[in-house]
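Read through the structure below, which is laid out as structure tokens, and then see the notes.
All figures in this text were calculated on a predicted structure; none of them were measured in a lab. Remember, it's 1-based here, ligands and their atoms both numbered in the order they're listed.
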Amino acid sequence: MTTEPITLVRGACPHDCPDTCATITEVQAGRAVRFRADPAHPVTQGWLCAKVRPYLDRVYAPDRLLYPLRRVGPKGSDQWGRISWDAAMAGIAARWQGIVAEYGAAAILPYSYSGTLGLLQLGICNARLWNRMGASDLDRAICGAAAELAVESTLGARMAPDPADVLASELVLIWGHNPASTGPHFMPLLRQAQKRGAHVVVIDPRRTLTARSADEHIRPHPATDGALALGLIHVIFAENLHAEAWLEAHSLGWRELRERAAEFPPERVAAITGVPAETIVALARRYATARPALLKTADGIQRHGNGGQTFRALCCLPAIAGHYGVLGGGLSYSTSGYVRWDAEAVGHASECPPVPRTINMNRLGAALTGEAADPPIKALYVFAANPVTSSPNAGLIVQGLQRDDLFTVVHEQFMTDTARYADIVLPATTQLEHIDLHKAYGHRNLQFNQPAIAPLGEARSNWDVMRALAGAMGYAEPWLHESAEDALRGVIDATRARNPRLAGVTLERLQAEGTVPLSFAEHERVPFADGHFPTPSGKIELRCDAMRAHGLDPLPDFALPDEFRDTRDTRHETRDDGSREPHVSDLASLVLISGASHHYVSSSFANQPGLMAKEGTPFVEINPADAAARGIADGDTVRVASARGWCDLRAVVTDDVPPGVAVAPKGPWASRSPDGRNINWTTPDALGDMAGQSTFHSNLVEIRRADWGQEQNA
Ligand SMILES: Nc1nc2c(c(=O)[nH]1)N[C@H]1C(S)=C(S)[C@@H](COP(=O)(O)OP(=O)(O)OC[C@H]3O[C@@H](n4cnc5c(=O)[nH]c(N)nc54)[C@H](O)[C@@H]3O)O[C@H]1N2
Ligand SMILES: Nc1nc2c(c(=O)[nH]1)N[C@H]1C(S)=C(S)[C@@H](COP(=O)(O)OP(=O)(O)OC[C@H]3O[C@@H](n4cnc5c(=O)[nH]c(N)nc54)[C@H](O)[C@@H]3O)O[C@H]1N2
Ligand code: SF4
Ligand SMILES: [Mo]
């Protein structure tokens with residue numbers, strides 16, 4: 001027992017989660033001995049989720065990467081030799097300089113997403129070095145791009161109520177969102193609202209953890225929610241339940257939307273969605289007459305080929321019933337629009353060459369195998385992301401990463417599926433070892449993260465690596481070499497100068513207080529309470545002419561994703577060894593949804609033994625009728641196959657999924673599976689209707705017992 005004193009260090013959970021919890025690390029003799037929630041935080045409320053509670057297991061995991069490594073075997077063979085940081089930096093800079101000389105900096109692609117959401121370790125690191133270099137830009141459209149564009153063009157900004165405002169709701173419509181797993185701190189508030197009499201409706205094809213405790217669960221066919229929303233709008237207008245005076249004063253195009261919705265009478269919507277017409281009518285009445293109703297949603301629902309238009313329809317619905325601007329009403333999607341970090345302070349783009357081109361991250365495999373041709377991608381730098389596990393059509397990504405002429409660097413905490421294909425692997429710090437500032441997308445506080453312990457081994461933070469790389473490349477601009485504190489201070493100060501919500505916020509105050517609430521004038525507390533929307537028209541744009549620039553109808557509309565319409569016989573694939581893939585047109589296909597795992601955040605934590613044990617063997621849920629038709633029993637190993645590829649999973653036969661739908665959560669690592677694959681070997685890399693959105697869930701698959709392919713070939 002050491003008698004050293006214990007120091008408490010305030011931090012923030014860095015993961016991609018709306019809750020952005022406030023944490024406290026207890027440090028003794030330089031070692032983190034306890035990690036817990038801040039009891040005083042209004043949202044964290046003294047508890048952390050199952051994923052992050054054992055965070056010290058992650059920090060001190062025996063498989064943490066602690067030293068720079070150089071590949072010494074063939075790509076993907078997992079054979080490494082230790083090198084020094086100096087050698088790593090010099091080696092990377094030499095390769096990059098050669099590529100820049102021969103192909104231009106556009107041949108270099110940084111790839112990052114959501115390992116951390118910090119301003120410094122993600123935001124600034126996404127921008128500065130790459131801008132200075134003139135590297136290709138990455139269109140980060142894997143998660144919620146369509147929803148973000150839909151919200152920004154319809155409402156003007158991503159603003160949302162305080163989570164606790166749900167206590168004033170009479171009806172809560174949770175649409176294509178599973179907060180019990182994906183934003184758990186909303187659940188106690190929801191329970192409390194329910195106890196006060198609020199009626200909770202979940203709209204999701206799957207019986208999720210959230211749906212289990214709802215008062216009503218409505219299960220549309222996947223990707224038909226646009227029709228469902230237009231059907232609700234239809235009924236509200238048809239029964240004269242719409243908020244005409246409010247619409248007249250504060251909206252653009254409500255009469256046109258009424259005409260569009262007239263094309264979606266309940267019987268037609270029932271045929272499209274599978275939801276009975278009576279249910280649609282009853283829900284519309286309940287929604288329109290609740291005082292008020294909150295529509296709470298997130299990104300899962302829009303990962304479909306038609307997700308953008310679907311989300312536009314969702315944004316319009318609260319306006320028709322007059323729920324915007326009312327305490328307990330409106331749309332709860334994201335609070336991230338309250339603070340937009342000053343882009344110039346973040347990236348210094350005005351001092352840099354123009355962006356040569358932009359590559360959509362959802363097309364990584366295609367880009368690496370020829371789609372990005374002029375110039376080809378010759379170097380990839382991955383940090384805070386694990387595309388082989390988490391990005392669509394992963395088999396094609398692996399094919400690209402195996403190119404001998406591609407120079408890949410991965411900066412990671414662990415030897416991920418992606419890091420295994422690197423030429424050089426650099427060890428990254430965890431949140432306990434570096435500084436950062438976080439804004440939340442599910443609440444209205446800033447969270448500061450003080451480093452609690454020194455970096456383990458030779459791990460370095462993203463920013464420290466960016467600075468070292470800038471030095472190795474010979475770039476002298478001071479903003480490439482600032483201290484972490486100075487970099488943060490510069491962005492905070494520049495942003496505060498234009499944004500009254502940051503009144504009084506300084507680096508020093510954040511460091512001292514950890515949690516700093518954003519400032520709201522009383523009339524701004526409830527979004528859009530004054531009837532003003534920060535759109536070009538100052539109104540909510542039900543008809544949004546800006547949509548034309550994206551090649552879209554200015555009114556929300558419904559069409560099935562291409563994946564579900566295109567039943568042409570183009571899906572046959574042959575394995576490398578010439579044997580036959582299960583063929584999706586051999587049987588009526590299933591729509592496979594691969595949303596969040598309860599115990600992982602995307603692929604993060606899916607290598608942590610305690611959490612892997614809780615999550616169990618990677619599985620796919622299939623309805624008993626679909627299982628029986630295929631001779632599949634619960635627990636069987638099954639092969640899930642799409643036009644892109646296949647993977648083997650354990651079958652869970654359950655009516656938690658309706659007939660025609662299968663669910664296999666994202667997250668499990670390919671390298672931890674016997675077949676070396678995961679569900680993203682099947683998912684589509686087609687782009688959605690808006691903002692280059694990923695379309696993970698518009699995934700037509702066939703599921704067979706794993707021995708089926710072999711039988712066919714025998
Ligand atoms: N535990 C955990 N938490 C997470 C994450 C995680 O991986 N694990 N990921 C984080 C990230 S990156 C994000 S973006 C958020 C996402 O947060 P959510 O959007 O809440 O999570 P998802 O599971 O992606 O999708 C939500 C639901 O959409 C449903 N869905 C899919 N297609 C349709 C459809 O066509 N119609 C309807 N009505 N529903 C549909 C799925 O069945 C799923 O239950 O969660 C964050 N939090
Ligand atoms: N099938 C399917 N796939 C999906 C989705 C889906 O719905 N279905 N959802 C998608 C969504 S919503 C998202 S947001 C993406 C997320 O995809 P990614 O952004 O790739 O997220 P992760 O897979 O969690 O990988 C993050 C990695 O960053 C590392 N990391 C963490 N902190 C740091 C750090 O400070 N520095 C460095 N260098 N590395 C760090 C972690 O160890 C981890 O390996 O996944 C997508 N994948
Ligand atoms: S993942 Fe979400 S709920 Fe869990 S600790 Fe982090 S912010 Fe909180
Ligand atoms: Mo996401």
Please check: side-chain N/O of Asn462 versus main-chain N/O of Phe383, any donor-acceptor pairing under 3.5 Å?
no
Ion pair check, Glu621 and Arg206, cut-off under 4.0 Å
yes
Sub-4.0 Å atoms of ligand 2 with respect to non-hydrogen atoms of Asp16:
14 (S)
Run the numbers for me: atoms of ligand 2, each under 4.0 Å from some heavy atom of Ser602, listed by number.
13 (C), 15 (C), 16 (C), 21 (O), 22 (P), 23 (O), 24 (O), 45 (O)
State whether the shortest distance between N or O atoms of Lys666 and N or O atoms of ligand 2 falls below 3.5 angstrom.
yes
With a cut-off of 4.0 Å, which atoms of ligand 2 are near a heavy atom of His697?
7 (O)
For Gln121 and ligand 2, answer yes if some heavy atom of the residue is under 4.0 Å from a ligand atom, otherwise no.
no
For atom 14 (S) of ligand 2, which candidate among Tyr111, Tyr113, Phe605 holds the nearest heavy atom?
Tyr113
Taking Tyr441's backbone N and O only, do any of them form a donor-acceptor pair with Thr335's side chain (distance below 3.5 Å, no angle check)?
yes
Gap between atom CD1 of Ile174 and atom CZ of Phe186 - 0.5 Å precision
5.5 Å
How are the rings of His15 and Phe605 set relative to one another: parallel (under 30°), tilted (30 to 60°) or perpendicular (over 60°)?
tilted
Look up atom CD in Gln608 and atom NE2 in His599, then write down how far apart they are to the nearest 0.5 Å.
11.5 Å
Ligand 3 to Pro184, heavy atom cutoff 4.0 Å, flagged ligand atoms 3 (S)
Of Val410, Asn386, Leu380, Thr418, which meets side-chain contact (heavy atoms from CB on, under 4.5 Å) against Tyr111?
Leu380
Return all protein N, O or S atoms below 2.8 Å from atom 6 (Fe) of ligand 3, chain by chain in residue order.
Cys13 SG
Could you tell me whether ligand 2 has any atom less than 4.0 Å away from a heavy atom of Asn680?
yes
Think Arg70 forms a cation-pi with Trp80, using NZ or CZ under 6.0 Å from the six-ring centre and within 45 degrees of its axis?
no
Is the His434 to Trp463 ring centre distance short of 6.0 Å?
no
Judged by heavy atoms only, the candidate from Ser603, Gly667, Gly118, Ala384 nearest atom 22 (P) of ligand 2 is Ser603
For atom 8 (N) of ligand 2, state which one of Ser594, Ser114, Pro684 supplies the nearest heavy atom.
Ser594
4.0 Å heavy-atom contact, Asn462 with ligand 2:
yes
Hey, does Arg58 sit under 4.0 Å from ligand 2 if you only count heavy atoms?
yes
Using 4.0 Å as the upper bound for N to carboxylate O, is an ion pair formed by Glu702 and Arg639?
no
Output every pair passing salt bridge (Lys or Arg N to Asp or Glu O under 4.0 Å) with a member in residues 418-431, not counting sequence neighbours, ordered by first then second residue.
Arg71-Asp423, Lys75-Asp423, Asp78-Arg420
Does the plane of the ring in Trp130 sit parallel, tilted or perpendicular to the ring in Tyr381? Use 30° and 60° as the thresholds.
tilted
Atom 38 (N) of ligand 2: of Gln413, His411, His434, Gln431, the nearest heavy atom sits on His411
